[in-house]
Structures are given as C-alpha cells and as structure tokens.
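Chain letters run A, B, ... following the sequence lines, proteins first, then strands; residues in each count from 1.
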2 protein chains.
Amino acid sequence: MSNTTPAAPEAPAAISGSGQGTPAFSPLYQQIKGLILQSLQAGEWKPGEAIPSEMELAARFRVSQGTVRKAIDELAADNLVVRRQGKGTFVATHAEQHVQYRFLRLLPDTGDASEEGPAQRSIIDCKRVRASADVARALQLRTGDAVLQARRVLAFAGTPTILEDIWLPGQAFKGLTAQQMASYPGPTYAMFEIDFGVRMVRAEEKLRAVLPDTAQARLLGVDCATPLLSVERIAYTYNDVPMELRRGLYRTDTHHYRNALN
Amino acid sequence: MSNTTPAAPEAPAAISGSGQGTPAFSPLYQQIKGLILQSLQAGEWKPGEAIPSEMELAARFRVSQGTVRKAIDELAADNLVVRRQGKGTFVATHAEQHVQYRFLRLLPDTGDASEEGPAQRSIIDCKRVRASADVARALQLRTGDAVLQARRVLAFAGTPTILEDIWLPGQAFKGLTAQQMASYPGPTYAMFEIDFGVRMVRAEEKLRAVLPDTAQARLLGVDCATPLLSVERIAYTYNDVPMELRRGLYRTDTHHYRNALN
DNA sequence: AAGTGGTCTAGACCACAAC
DNA sequence: TTGTGGTCTAGACCACTTG
C-alpha cells in the first residue's frame with residue numbers, strides 16, 4: 001500500500017498535513033501509531049488487557065503486519081504497551097509491574113530495594129483546597145480551581161525517608177479519600193488507574209538541595225540543618241496532560257537518587 | 001540466510017553460545033550489532049566519521065540490508081551512532097553535538113541554557129595522585145594506582161555554580177595538563193576523544209543533598225549552611241569500562257537538575 | 001543522476017505460550 | 001496444534017543530499 005493510495009474505512013491513513021510551509025510528510029506507521037494511541041486514550045483496551053494481535057490490527061487498518069509492528073515498537077519504547085512473545089501485546093499498567101515504583105529513583109545505599117521491602121505509608125493529611133498560582137500553573141488549571149491535596153510520609157525499614165505533598169485536579173479525582181490513599185495495596189499510581197481511570201505515562205522532575213522547615217524536619221525525624229533532596233514531579237497522562245504535582249523531600253543520608261545517562 | 005547456515009569469512013554469524021544451560025539463542029542482528037561494536041571499539045571508524053553504508057555492511061556480513069538496519073537501529077538508540085538521511089551513518093561524538101553538554105542536566109530556572117552561554121571554566125588544580133580506596137573501586141583500579149585528579153569551577157553568567165572534582169585513570173590519560181583542561185574549546189569529553197581516544201558512551205549518577213566544607217563553600221561563593229546538590233558520576237567507555245569519576249557540587253538556588261521519567 | 005537512509009510490503013520460518 | 005510476537009529476506013519505492 002503506497003502513501004498516496006490510502007482509503008480503507010478505519011484508516012484515514014496517509015494524507016499529509018494541510019498546513020502551509022512544509023508538506024509535513026508523515027510515514028504510515030506514525031499514523032497507525034496515532035490511531036492506536038487514540039484507542040488507548042479512549043479506553044478501548046484497559047491497562048493490563050491485551051490489544052488486538054498485529055495481524056488483526058493490520059487487517060483493521062489495511063496495512064501490512066510490518067507497518068503495525070513498527071508502530072507498536074514505538075509504543076513499546078514509550079512504555080505505553082508491553083510485548084510478550086507468544087502471548088500478545090498488553091496495555092502497560094502501574095500494577096503488576098515488576099518494578100514496584102516506576103517513577104521513584106531513590107535507592108538504599110547498601111543492598112537493593114527488594115531487601116528493604118515496600119514502603120510504609122502514613123497519610124498526614126488529605127483535603128480539598130483551592131489551587132494556588134504555582135499549583136494551578138503546574139496542573140494547567142486556573143488559580144482557585146478545586147484540587148485535592150495530600151501529605152504523606154514513606155518509611156523504609158521503619159525509618160521515615162520521604163515526605164510528599166501531592167496535588168491532584170479535583171475534577172478527575174472526585175471522591176478520593178485519605179482512607180483510600182492509605183489502605184490501597186500497591187503503588188498509588190495503580191490506584192489512580194483502577195479507581196479513577198487516570199493512567200500516568202511519563203513524568204518530569206526538578207531536583208534541588210534544600211533545608212526543611214520545622215514541620216518538615218519533625219515529620220522526617222531530622223533537624224532543620226539536615227540538607228534534603230527536593231524533588232518536584234509533574235506526572236502526565238496521554239496527550240501531555242498534567243494530572244499530578246508532587247513535591248517530595250528525600251533523606252539522602254541512607255539513600256541516594258540514581259540516574260542513568262545514555 | 002538462516003540462523004543454522006552461517007558461513008561467510010567476515011561473518012561468524014549464527015552459532016549459539018557454547019555454554020551449558022540455556023542454548024543462548026542470539027538473533028542475527030544482535031550478532032551483527034556486536035561485530036559493528038567491535039569495529040567501533042577498535043577505532044576502525046573515528047568519532048564524527050561515517051561508517052560504511054547499510055548495503056556495504058550487508059555485503060560484508062553476508063546478511064540482508066534489513067538485518068544490518070535493525071542492528072544499526074539499536075546502535076543509534078544507544079547513542080553510539082547517528083543516522084542522517086541522504087548522507088550516511090556517523091560515529092557519535094561529544095564534539096559537534098548540538099547539545100553542548102550531553103551529560104549535564106543542570107538548567108537555569110528561568111530561560112534556557114542557550115541564553116546564559118557556555119560555562120566559564122577555572123581550573124583550580126590538576127595533579128597526579130595515588131588512587132584512594134573508593135576512587136580505585138569506582139574506576140576498577142587498585143588502591144594506590146596512578147590517577148589524574150583535577151578540580152575546577154564552572155561559572156554561568158559570572159556566577160560560580162558548579163564545583164567538580166575529576167579523577168581519571170593515569171594510564172589512559174598520560175600527559176593531560178591543567179593548561180589543556182582550561183584552554184580546550186568545547187566539551188571536556190570532546191577533548192578526551194580527540195587527544196586521548198577515549199569516548200564516553202554512557203554514565204551513571206548518584207545524587208544527594210549535602211552541606212559544603214569551608215573550602216568548597218569559598219570556591220562557590222556561598223556559606224557553609226547552603227545546601228548543595230552532590231552529583232557523583234561514573235562515565236563509561238565501550239564495554240562498560242569506567243574511565244572517569246566526577247564528584248560535583250551544584251548550586252541549586254538559581255539552577256535545577258532536570259530529569260525526564262518515561 | 002547517483003548514493004544514502006527511510007518506508008512499506010509479502011512471505012517464510014523460528015521461539016514461546018496455551019490449550 | 002494453534003496463535004502470538006520475533007527474525008530474516010528480497011524487492012520496490014520514497015525522501016534527502018551531493019555532485
């Protein structure tokens with residue numbers, strides 16, 4: 001099938017951009033990727049479920065299996081789907097992922113994370129508030145819009161290590177309770193998927209070294225002169241829509257933030 | 001060409017691992033990737049140069065162009081090679097890269113890095129020393145082996161922002177001088193490539209929040225109560241051989257460390 | 001016009017998982 | 001045995017760069 005002979009009901013295939021300037025050529029597999037992405041966003045297949053086989057998708061979009069394959073290759077590289085030979089291709093999920101915390105880069109200095117086990121969570125606070133200017137900007141809301149704010153402490157092996165403030169858009173997370181945050185077994189992001197249909201696909205972090213205020217120091221069991229790693233994270237769903245702002249303070253006396261540069 | 005009918009002089013192709021246990025099946029394109037990697041390590045093509053075309057490599061290794069293509073795709077994904085349509089495939093280099101500092105994640109809080117221009121480097125110190133236990137461990141040397149140690153300050157827009165201590169294996173960097181570190185235009189990693197034939201292909205960083213000692217504070221123009229971001233980086237050449245240990249202190253009052261999580 | 005990487009196809013066969 | 005993803009091939013054509 002050539003890029004200039006599209007057709008097919010399900011496949012708006014081909015057709016370059018109609019804008020001015022560059023003709024905006026887009027390869028077929030990119031267009032297919034976009035169509036699959038739309039289905040993912042629309043919830044046609046839920047997290048953890050299998051998407052149709054490559055042959056089925058090829059038939060649906062009237063392209064060759066190889067073209068579908070390349071589209072799925074990119075979705076897999078973006079961690080939106082997971083391929084399993086002999087079984088199928090599955091929508092990625094924060095639950096049932098062998099890495100417990102996909103976005104958490106804090107590791108113990110000695111041994112590995114599996115030794116210290118899962119974090120103990122203590123919810124300090126969870127309430128509805130109006131968005132301040134900076135929270136609104138981060139979540140692309142208006143100042144004063146309803147947001148959910150939570151504060152919690154994560155402890156490893158009994159030692160409080162992370163203090164987090166979390167802001168969520170009130171609209172999408174209506175009804176979220178402190179009870180829910182505290183009692184859900186597994187990653188919080190998995191709860192967001194299951195209870196609210198919000199799947200975080202990527203995140204950006206800004207790191208700084210800071211000193212805690214007295215309240216923060218007390219919650220982490222350190223004094224006000226102990227430097228802490230400040231981690232501001234914005235997590236995004238599909239389409240680069242921000243759905244969570246998280247400000248964390250990490251103790252780095254027994255742990256460190258690991259980053260791989262490629 | 002099937003995986004069970006190898007042959008060809010240049011292509012030890014196929015042939016699964018001879019070890020016990022799993023037959024260690026390895027796809028052809030992985031083997032081709034390994035062969036190209038060997039040529040890169042051996043310096044058959046220097047950084048910035050073009051490698052042979054896909055057709056040439058296909059002929060050399062007696063495989064189809066598509067198989068070579070998949071091998072090069074992975075090398076490009078690893079940033080070992082850069083593809084340029086219509087021109088060829090080139091060995092990646094730290095020079096002539098549009099991102100000035102490939103491994104530096106520190107950005108100014110306002111505006112972008114291009115506005116504040118290149119860093120001003122001040123070499124504080126550069127001498128041969130014997131490796132301490134922890135430096136030796138990081139560089140996979142023996143305690144007491146000769147290493148080169150340098151200390152420098154990077155300033156942006158006149159403000160000292162980064163203090164770095166750098167350790168390099170004495171063997172590979174014989175003859176490196178403070179003058180050379182100070183006067184080379186462009187990234188230090190580019191100088192390593194050109195003057196010493198050492199190309200860094202990836203790095204790992206451990207981040208912590210710390211307080212500086214008096215000497216460190218003085219060099220950065222801050223007081224001893226100012227928390228700083230400690231960044232310990234180990235940079236690797238081909239084959240996961242560590243070739244540099246770098247301990248940096250970053251001021252995060254005007255800059256932040258940015259990280260993307262996917 | 002020639003050469004390079006980029007896309008797309010169709011078909012064969014392999015490895016893996018489940019029935 | 002069947003169906004899934006994974007590999008490999010051969011050939012056609014497109015897009016970009018250079019002479």
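Here dT17(D) presents its P atom at 11 Å from CZ of Phe90(B), a figure rounded to the nearest Å. Atoms CD1 (Ile32(A)) and C1' (dC8(C)) sit 11 Å apart, rounded to a whole Å. Between the C1' atom of dC8(C) and the CG atom of Leu57(A) lies a distance of 17 Å, rounded to the nearest Å. The NZ atom of Lys70(A) sits 7 Å away from the C1' atom of dG6(C) (whole-angstrom rounding). Across the protein-nucleic acid pair, Tyr29(A) atom OH and dC14(D) atom P stand 18 Å apart, rounded to whole Å.
Heavy-atom neighbours of Gln30(A) CD from other residues, nucleotides or ligands within 6.0 Å: above the threshold of 12.
Taken together, the paired segments of DNA chain C that extend over three or more consecutive Watson-Crick or G-U pairs, each closer than 3.5 Å at both contacts, are C:1-18 with D:1-18.
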Polar pairs (N or O, both sides) under 3.5 Å between protein and nucleotides 1-5 of chain C?
residue, atom, partner, partner atom, Å
dG3(C), N2, Gly86(B), O, 3.0
dT4(C), O2, Gly86(B), N, 3.3
dG5(C), OP1, Thr89(B), OG1, 3.4
dG5(C), OP2, Glu54(B), N, 3.0

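Counted by atom type alone, Asn259(A) and Tyr257(B) present one or more donor-acceptor pairs between their side chains at under 3.5 Å.
The ring of Tyr101(B) has its center no closer than 6.0 angstrom to the ring center of Tyr189(B).
Under the 4.0 Å criterion applied to side-chain N and carboxylate O atoms, Glu232(B) and Lys206(B) are not assigned as salt-bridge partners. Asp73(B) and Lys70(A) are not joined by a salt bridge, as no carboxylate oxygen comes within less than 4.0 angstrom of a charged side-chain nitrogen.
Between Thr188(A) and the options Gln180(A), Arg152(A), His94(A), a side chain to side chain donor-acceptor pair (under 3.5 Å) holds for only Arg152(A).
Scored by the side chain to side chain donor-acceptor pair (under 3.5 Å) test, Gln65(A) finds Glu54(A) as partners (sequence neighbours excluded).
The aromatic rings of Phe196(A) and Phe173(A) are tilted relative to each other, their planes meeting at an angle between 30° and 60°.
OP1 or OP2 of dT9(C) has at least one side-chain nitrogen or oxygen of Thr67(A) nearer than 4.0 Å.
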